[in-house]
Amino acid sequence: MRLAFVNSLCKLAEKDDRLWLVCGDLGYGVLDEFARRFPNRFINAGVAEQNMAGVAAGLAQAGQRVFVYSIANFPVMRCMEQIRNDIAYHRLPVCVVTVGGGLVYGGHGYSHHGVEDLAMMHVLPNMTVFAPADPVETRLVTEAAASIDGPVYLRLGRGGEATLHKQAPAFAVGKALCLRKGATLALFSTGGILEPVLSAAEALTVLGHPPSVYSLPTFFPLDEETIAAESRRCQAIVTIEEHGRGGLAALTAEVLAQSGGGARLIPIRLPREPLAESGSHAYLRERQGLSAAAMVQHIQTTLAAWAK
Amino acid sequence: MPGESDHSVALANRIRMHSLRMIHTAQASHIGTCLSIADLLAVLYHDFLRVSPATLNAEDRDRFILSKGHGAAALYAVLAERGFFPIAELDSYNRDGSRLTGHASHHVPGVELSTGSLGHGLSVGAGLALAAKRLNLPYRTVVLLSDGELDEGSNWEAALFAGHHQLDRLVAIVDYNKIQSYGSVREVLDLEPLTDKWRAFRWYVTEIDGHQHDQIRSALNRIPSDSSQPSVLIAHTVKGKGVSYMEHQLAWHYKSPSQEQLRSALAELEAQP
């Protein structure tokens, strides 16, 4: 995903000479091409995220379009107030990009796990929040981010993610992408968790619960229309996110409570309390119910409990 | 030139009187800081900043950021005096439905950045100055900081950044009145040696009396320095300056003048030459 991002950004920078990239002393081997090709519009702000976000706001106030790049929570939490007051409130075209959304940085530990970012970013004024699932969605949301006249948050995975869209989907900001159509179950996924969600959908189909599957590369504004429509058609809406509380499940619950549909919610997400153990990305997902097998089991168990 | 000084001194006096009336009417806080920065604002807007209502969004206009956003009443006062909006609107300060919020708001014509939480202005100013340098634009960026505000670490990130990138069109002014929210600077978190700190961050430092207009003016006129450094003016000021019973008093960070106190304060200012 990060290479899809930086390749898209270089193409955009060729066409838009107001486009800047500001990094927080991270991006080794990733940002080099941008830095080499557009040195006048590249800044390594050092290990100083508050200043990095403020400088980005200043550049944007001077008419520039700024991408801020770092990893995990670093460009989000340390400088939350700069993003809120200086960028979001002033509706400045600054896109905060993080690599390592969710549990991607596995063994690095909780300091590097971006599991509250969607909750924090989507509540800020004027903010658009993207969480692409694969390199194709990454390219599409990066292009969209470069033309939004306001603040954007872009949550990326890391590298090496499978391409899940065999051809470019009909993307629009704020619209869910449908990957398969099913019967009385609809799975809504945001971000890099889509690959196991698709595996879970295969298994559920074999088990007699063929689900619809949607990817939400735009987390906010949420595609409430599609969720509401599915809630009137389905028995259950399942939300899947590599994120804790306050994310997709919470937003979907608001939609369901107002939609008039009969569907109930099955939230699949991370617990609030972090694990006290090390582990790879795959291990941490597995331990916290985010493997394909765990998703299938949780959905089946819930449906069975409802049926009693 | 005495003529110039006369005008900016008269403007500073009007900023003080507007601020007193606004804060009295709204029963708001922060009169001490408004009086402390009135002379700095007067010289900036009278003699230095290339800004005007007609060039509100001009790419090459100078940028002024009141990082100590609690001095908003004084900023609104000088902007109204310079014609950015009607002086009569100052009466609505901090009242229901007014755009003149208690801390500086960018919804007010002439205010570049909404502030109120301390430690934001210098980084945004550094971004503006970086754009000017890289894009070869002529504008200067001035950021007015409080002394207590320098407790915020973000300022020192920005100071490091601006020094490193030699942002010579960036000017920071420290309103060094030696009193912060809940005590004296010396008691709470002593900033001394303050000039040495800025020099160590590769800034060009000038110490001035922040109420002497000729000193403020001549310090500003040396910018940009020929040393490729950002500049900082350490402006020694008096909190509550110009109203004898408010000077050096922490309480006037919070209190609103009563009708009688307002009358006596205005009388004192009107009597000034």
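Chain naming here is simple, since letters A, B, ... match the order of the sequence lines and numbering starts at 1 in each. Just so it is clear, the values below take in all heavy atoms, side chains as well, and ignore hydrogens, waters and symmetry mates.
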Student: Pick from A:Gln61, A:His90, A:Arg91: which one makes a side-chain contact (heavy atoms from CB on, under 4.5 Å) with B:His106?
Tutor: A:His90
Student: Between the side chains of B:His120 and A:Gln50, is a donor N or O closer than 3.5 angstrom to an acceptor N or O?
Tutor: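 There is no such pair between these side chains.
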Student: What distance do B:Thr115 atom OG1 and A:Asp86 atom CG have between them, rounded to the nearest 0.5 Å?
Tutor: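 Taking OG1 in B:Thr115 and CG in A:Asp86, the distance rounds to 9.0 Å.
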Student: Among A:Asn51, A:Leu59, A:Val55, A:Val22, which residue forms the greatest number of heavy-atom pairs with chain B at distances under 4.5 Å?
Tutor: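 Among the listed options, the one with the most contacts to chain B is A:Asn51.
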Student: CG of A:Asn40 to NZ of B:Lys133: how many Å apart, nearest 0.5 Å?
Tutor: 11.5 Å
Student: Heavy atoms, side chains only, cut-off 4.5 Å: are B:Arg134 and A:Trp20 in contact?
Tutor: yes
Student: For the CZ atom on B:Arg82, are there more than 12 heavy atoms of other groups (residues, nucleotides or ligands in this structure) within a distance under 6.0 Å?
Tutor: yes
Student: Can you tell me if CZ on B:Arg61 sees more than 12 non-hydrogen neighbours from other groups inside 6.0 Å?
Tutor: yes
Student: Could you tell me whether the side chains of A:Asn85 and B:Ser117 share a donor-acceptor contact shorter than 3.5 Å?
Tutor: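 There is no such pair (donor and acceptor under 3.5 Å, judged by atom type) between the side chains of A:Asn85 and B:Ser117.
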Student: Give a yes or no on whether B:Glu59 atom CD has more than 12 heavy-atom contacts from other residues, nucleotides or ligands under 6.0 Å away.
Tutor: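 No, the 6.0 Å shell around CD holds no more than 12 heavy atoms from other groups.
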Student: Side chain, backbone, both or neither: which part of B:His165 has a non-hydrogen atom closer than 4.5 Å to chain A?
Tutor: side chain
Student: Any chance you could measure B:Phe161, atom CZ, to A:Ile43, atom CD1, to the nearest 0.5 Å?
Tutor: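 So the CZ of B:Phe161 and the CD1 of A:Ile43 are separated by 4.5 Å.
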Student: Might you confirm whether atom CD of A:Glu225 has over 12 heavy atoms from other residues, nucleotides or ligands at distances under 6.0 Å?
Tutor: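 No, not enclosed.
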Student: Is A:Ala45 in contact with chain B via its backbone, its side chain, both, or neither, using a 4.5 Å heavy-atom distance?
Tutor: both
Student: Around atom CZ of A:Arg84, are there more than 12 heavy atoms from other residues, nucleotides or ligands closer than 6.0 Å?
Tutor: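 No, not enclosed.
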Student: Which bit of A:Glu81 is near chain B, if near means a heavy-atom gap under 4.5 Å: side chain, backbone, both or neither?
Tutor: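 Both backbone and side chain.
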Student: Are there over 12 heavy-atom neighbours, none belonging to A:Arg245, within less than 6.0 Å of that residue's CZ?
Tutor: no
Student: Do A:Gln82 and B:Val124 have side chains that approach each other closer than 4.5 Å (heavy atoms only, starting at C-beta)?
Tutor: no
